[in-house]
Protein chains: 2
Amino acid sequence: MSIIENINKTFDNRVRLGIMAALMVNESVDFNTLKELLAVTDGNLASHIKALEKMDYILIQKQFIGKKTNTKYSVTKLGKMAFKKHIKALEQLITQQKKSK
Amino acid sequence: MSIIENINKTFDNRVRLGIMAALMVNESVDFNTLKELLAVTDGNLASHIKALEKMDYILIQKQFIGKKTNTKYSVTKLGKMAFKKHIKALEQLITQQKKSK
DNA sequence: ATTATAACTTTGCAATTCAAAGTACTTTTA
DNA sequence: TAAAAGTACTTTGAATTGCAAAGTTATAAT
């Protein structure tokens, strides 16, 4: 059993990690807020969002704010579990003990 | 200022993250131990090691154990700093507060 | 009617990742 | 002593990923 097998490949990327982190601490975050937060182009953001949605880690909700369209995202139960597992794996990785032998 | 700018791109990869983690808690680790620990092919490991060495994050030391060649690696001061900064950024990312407004 | 905003999709190139094969050198084994 | 095996790579090549830029659709403001 390798020490890195619990590290989720989906979260290898900084943008996806950032999206997930933002959604873990906020009930929902919209497209432009994420875009600003992560300093990425909209095409790039959209593609990472798509990747997370494909994994069923996040949920897309389209709405209107006044007369403007607004798309917001939230993390699913599965996404929460996956992210927590990832963080735990990172912690273990970092705090692992020296192995003797 | 983006919330992900302190996340080090070099550590986006699980293998490199694993190498660094192993070297942070062990004074040195040799090639075959890393290979086993991370469950990668030797070519793949060698290339990730090379990438870390190129950044001056790790140091290569060749020696003999008995009659066998043995290559071991250790983390440099720069590597330690970079890794710690990365971990700190991850922590901040995860524990960030809801921003109002 | 033109311009702007939102949230994309498409395109296409560049960088990354990885396994597999090849290499050089040494050592062990038959 | 010839063949096999181990160490630590390098090289090759193909697949995947990442990204910016441009294009798209639809509505809204001017």
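Please read all numbers here as calculations on a predicted model, not as lab measurements. Here is the naming used below: chain letters follow the sequence lines, and residue numbers restart at 1 for every chain. Computed over heavy atoms, backbone and side chain alike; hydrogens, waters and symmetry mates excluded.
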Notebook entry, point to check: OP1, OP2 of C:dA19 versus side-chain N and O of B:N44: anything below 4.0 Å?
Noted result: yes
Notebook entry, point to check: Can you tell me how far C1' of C:dT17 sits from CG of B:L52, to the nearest Å?
Noted result: 14 Å
Which atom pairs, donor and acceptor, lie under 3.5 Å between side-chain atoms of residues 59-74 of chain B and protein residues at least two apart or in another chain?
unit_1	atom_1	unit_2	atom_2	d
B:Q61	OE1	B:S74	OG	3.0
B:Q63	NE2	B:N70	OD1	3.0
B:N70	ND2	B:D30	OD2	3.1

Check: Nearest-Å distance, NZ (B:K54) to P (D:dT10)?
Finding: 13 Å
Next item on the list: Working to the nearest 0.5 Å, report the span between CG of B:N6 and CZ of A:R14.
Entry: 9.5 Å
Check: Are any of B:N13's side-chain N or O atoms less than 4.0 Å away from OP1 or OP2 of C:dT16?
Finding: no
Note to self: Under 4.0 Å from OP1 or OP2 of C:dA7: is there any side-chain N or O of A:Y73 that close?
What the structure shows: no
Note to self: Please enumerate all residues that pass side chain to side chain contact (heavy atoms under 4.5 Å, CB included) together with B:K35, with sequence neighbours excluded.
What the structure shows: B:F31, B:N32, B:D42, B:L45
Next item on the list: Measure the distance from CZ on B:R14 to C1' on D:dT17 and round it to the nearest whole Å.
Entry: 15 Å
Margin query: Distance check needed: C:dT16 P versus B:D12 CG, whole Å only.
Written below: 11 Å
Dump every N/O contact between nucleotides 21-30 of chain C and the protein below 3.5 Å, one line per pair.
unit_1	atom_1	unit_2	atom_2	d
C:dT27	OP1	B:K67	O	3.0

Note to self: How many whole angstroms separate atom CG of B:N32 from atom C1' of D:dA5?
What the structure shows: 13 Å
Note to self: Rounded to whole Å, how long is the line connecting atom CG of A:L45 with atom C1' of D:dA21?
What the structure shows: 16 Å
Note to self: Tell me whether the side-chain N/O atoms of A:R16 come closer than 4.0 Å to OP1 or OP2 in D:dG18.
What the structure shows: yes
Margin query: Is there a side-chain contact between B:K9 and the phosphate of D:dC19, meaning an N or O under 4.0 Å from OP1 or OP2?
Written below: yes
Check: Taking the side chain of B:H48 as heavy atoms from C-beta outward, which of C:dC18, C:dA7, D:dG18 is closest to it?
Finding: C:dC18
Next item on the list: Provide, to the nearest angstrom, the distance between the NZ atom belonging to B:K50 and the P atom belonging to D:dT12.
Entry: 12 Å
Checklist line | Any A:T41 side-chain N or O less than 4.0 Å from OP1/OP2 of D:dC19 | finding: no
Next item on the list: Kindly write out the residues that satisfy ring-ring contact (aromatic ring centres under 6.0 Å, His included) with A:F11, not counting sequence neighbours, or none if the list is empty.
Entry: A:Y57, A:F83, A:H86
Note to self: Nearest 0.5 Å, please: how far is CG in B:N13 from CG in B:N44?
What the structure shows: 7.5 Å
Next item on the list: Specify the separation, in whole Å, of atom CD of A:E36 and atom P of C:dA7.
Entry: 13 Å
Check: In Å and rounded to the nearest 0.5 Å, what is the OG1 to CG distance from A:T33 to A:L38?
Finding: 10.0 Å
Check: What is the distance from atom CG of A:L52 to atom OG1 of A:T10, rounded to the nearest 0.5 Å?
Finding: 7.0 Å
